[in-house]
Amino acid sequence: FAIMLLGGLVQKMRILPLDTDLILNQFVYYVAFPAILLIVLAETRIEDIIQWGFIASFSLAMVITYAVVIGTSLWITPKNQAIAAMRALNSTFGNTAFIGIPLLSIMFPNNKMALVAAAIASLLSVIMFAFALVSIELASKNKQTSQPAILIMLSALAKNPIVVGSLIGITLSACHMELPASVSLMLHQLGNTSSPCALFAIGMVLVKALRQQGRDKVFTASLVAELNAINLLKLIIQPLIAFGLLNTFGVAQELIAMGVILAALPTAASVYLLGERYQVHANISAQAILYGTLVTFFSLPIIETLLKSYG
């Protein structure tokens, strides 16, 4: 978190241009993350990548949380499927890329399985995001579409650079194909910039968000209750479900720790962007992401300590 604090300090002091965080985010998302995931997966045995217990556990933890929130939301506000989908996505779609990849790289140094676990979690999370996108697209009255739901979902997955990089890496691993040494070196060097750049950018974004929040001090009892519920589900309930499922499926101890940490990450900023695009629950999503990320400064060290004592 020291790198995030440094990024926040630089943003606070306005040392760099105000849009530096946007440029860093785009570089990490479109270049650095795909590079590191591609090369790590390509250089990992396919047998080590296909961890069915881990895949099933992490997927089910998201699906269970998503279903609970959808059901509860539709019970409270019937016939409002778009808002229900946004609430569910806020409670399940963790920041497994921008926080998960650098965090696991730091917590499990020189361990390829850390990046493999983050890649699997990111792929599964993107699939959940695509499913929610379809739900919002079909429920939204602001945008009518003639596209079949499956095409909307596949289009969202095909345009995601993390999905593309990961799938290329998995394909190379499955086909036992080795990249030329020069290409491998280039991808490693690009990928090694992902962690510091992502964490630095997150620190800058948090300071900008807090500055904006300071200007918009509008809180109601219902808003506070919803923000608390979203972050309780995302930061505590989902990791607990993941922990139970990972143990049930007999996953290795190291992967259990990785899976729980990935499940305990705050909501990703992509959820806010989706809400802004469809004008559905965008402001509440932004506030949930901000407060969830701040709470993570305290919740993740506690979870890490509990996992170490368990192990």
Side-chain angles (χ1 to χ4, degrees), residues 1-8 10-11 16 19-38 40 58 62 89-108 114-130 156 159-166 190-210 231 234-235 238-239 258-259 261-276 285-297 299-300 303:
F1 292 112
I3 298 175
M4 293 172 64
L5 291 173
L6 179 61
V10 168
Q11 180 67 28
L16 297 175
D19 60 350
T20 299
D21 60 307
L22 299 176
I23 296 168
L24 279 175
N25 279 330
Q26 289 176 341
F27 167 74
V28 170
Y29 185 69
Y30 288 103
V31 180
F33 278 159
I36 192 62
L37 294 178
L38 189 158
V40 167
F58 198 86
M62 286 195 296
L89 196 59
N90 270 296
S91 304
T92 54
F93 186 61
N95 204 338
T96 53
F98 275 83
I99 296 180
I101 292 173
L103 184 62
L104 288 194
S105 298
I106 294 168
M107 292 179 66
F108 301 91
L115 285 175
V116 170
I120 293 171
S122 296
L123 283 172
L124 297 173
S125 297
V126 170
I127 292 171
M128 179 63 72
F129 184 89
K159 292 176 182 177
N160 189 296
I162 291 175
V163 171
V164 174
S166 296
L190 281 172
N192 288 338
T193 66
S194 62
S195 294
C197 286
L199 294 172
F200 193 88
I202 288 171
M204 299 184 77
V205 169
L206 282 175
V207 169
K208 289 175 71 173
L210 285 169
N231 285 303
K234 183 69 204 73
L235 304 179
Q238 189 179 335
M258 294 175 186
I261 290 165
L262 288 165
L265 295 175
T267 308
S270 307
V271 178
Y272 163 72
L273 297 177
L274 183 65
E276 186 71 19
S285 296
Q287 291 173 322
I289 293 164
L290 171 60
Y291 292 119
T293 304
L294 292 174
V295 170
T296 305
F297 278 86
S299 61
L300 276 180
I303 290 172

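Because the structure is predicted, anything quoted here is derived from the model rather than measured. Hydrogens, waters and symmetry mates play no part in the numbers below; they use all other heavy atoms, side chains included.
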Can you tell me how far the CG atom of L37 sits from the CG atom of L123, to the nearest 0.5 Å? 8.0 Å
Side chains of S166 and I162: does their closest heavy-atom pair fall under 4.5 Å? yes
Rounded at 0.5 Å granularity, tell me how far CD1 in I101 sits from CG in L199. 11.0 Å
Side chain to side chain donor-acceptor pair (under 3.5 Å): which pairs involve residues 89-100, sequence neighbours left out? N90-S285, T96-S122
Between CD1 on residue I202 and CD1 on residue I99, distance to nearest 0.5 Å: 4.0 Å
Starting at CG of N25, measure out to CZ of F33 and round the result to the nearest 0.5 Å. 9.0 Å
For A198 and P102, work out which heavy atoms get closest and say how close. CB-CG, 4.5 Å
Closest approach of K234 and P239, non-hydrogen atoms and distance? O-CD, 3.5 Å
Step-by-step side chain to side chain contact (heavy atoms under 4.5 Å, CB included) determination, N192 to I36: CA-CA 7 Å; N192 288 338; I36 192 62; 4.3 Å; yes
Any side-chain heavy atom of F58 within less than 4.5 Å of one from I120? no
Locate the shortest heavy-atom distance separating L235 from A264; write the atom from each residue and the value. CD2-O, 3.3 Å
Please evaluate residues L265 and L103 with respect to the criterion side chain to side chain contact (heavy atoms under 4.5 Å, CB included), reporting the C-alpha separation (whole Å), side-chain torsions for both, the decisive distance (0.1 Å), and the verdict. CA-CA 10 Å; L265 295 175; L103 184 62; 3.9 Å; yes
Out of V207, T20, L6, which residue meets the side chain to side chain contact (heavy atoms under 4.5 Å, CB included) rule with Q11? V207
Considering all heavy atoms of both residues, which atom of A268 and which atom of I289 are nearest to each other, and what is their separation? O-CD1, 3.4 Å
Hey, could you give me the CG/CE distance between L124 and M62, rounded to the nearest 0.5 Å? 5.0 Å
Positive for side chain to side chain contact (heavy atoms under 4.5 Å, CB included) with F200, one of L5, V10, D21, V28: V10
Please state whether the rings of F93 and F129 are parallel, tilted or perpendicular, taking 30° and 60° as the class boundaries. tilted
Interatomic distance, CG@L294 vs CG@N231, rounded to 0.5 Å, equals 9.5 Å
Can you confirm whether V205 sits close enough to F98 that some side-chain heavy atom of one is under 4.5 Å from a side-chain heavy atom of the other? no
Heavy-atom nearest pair, L262 first then G100, reads CD2-CA, 4.0 Å
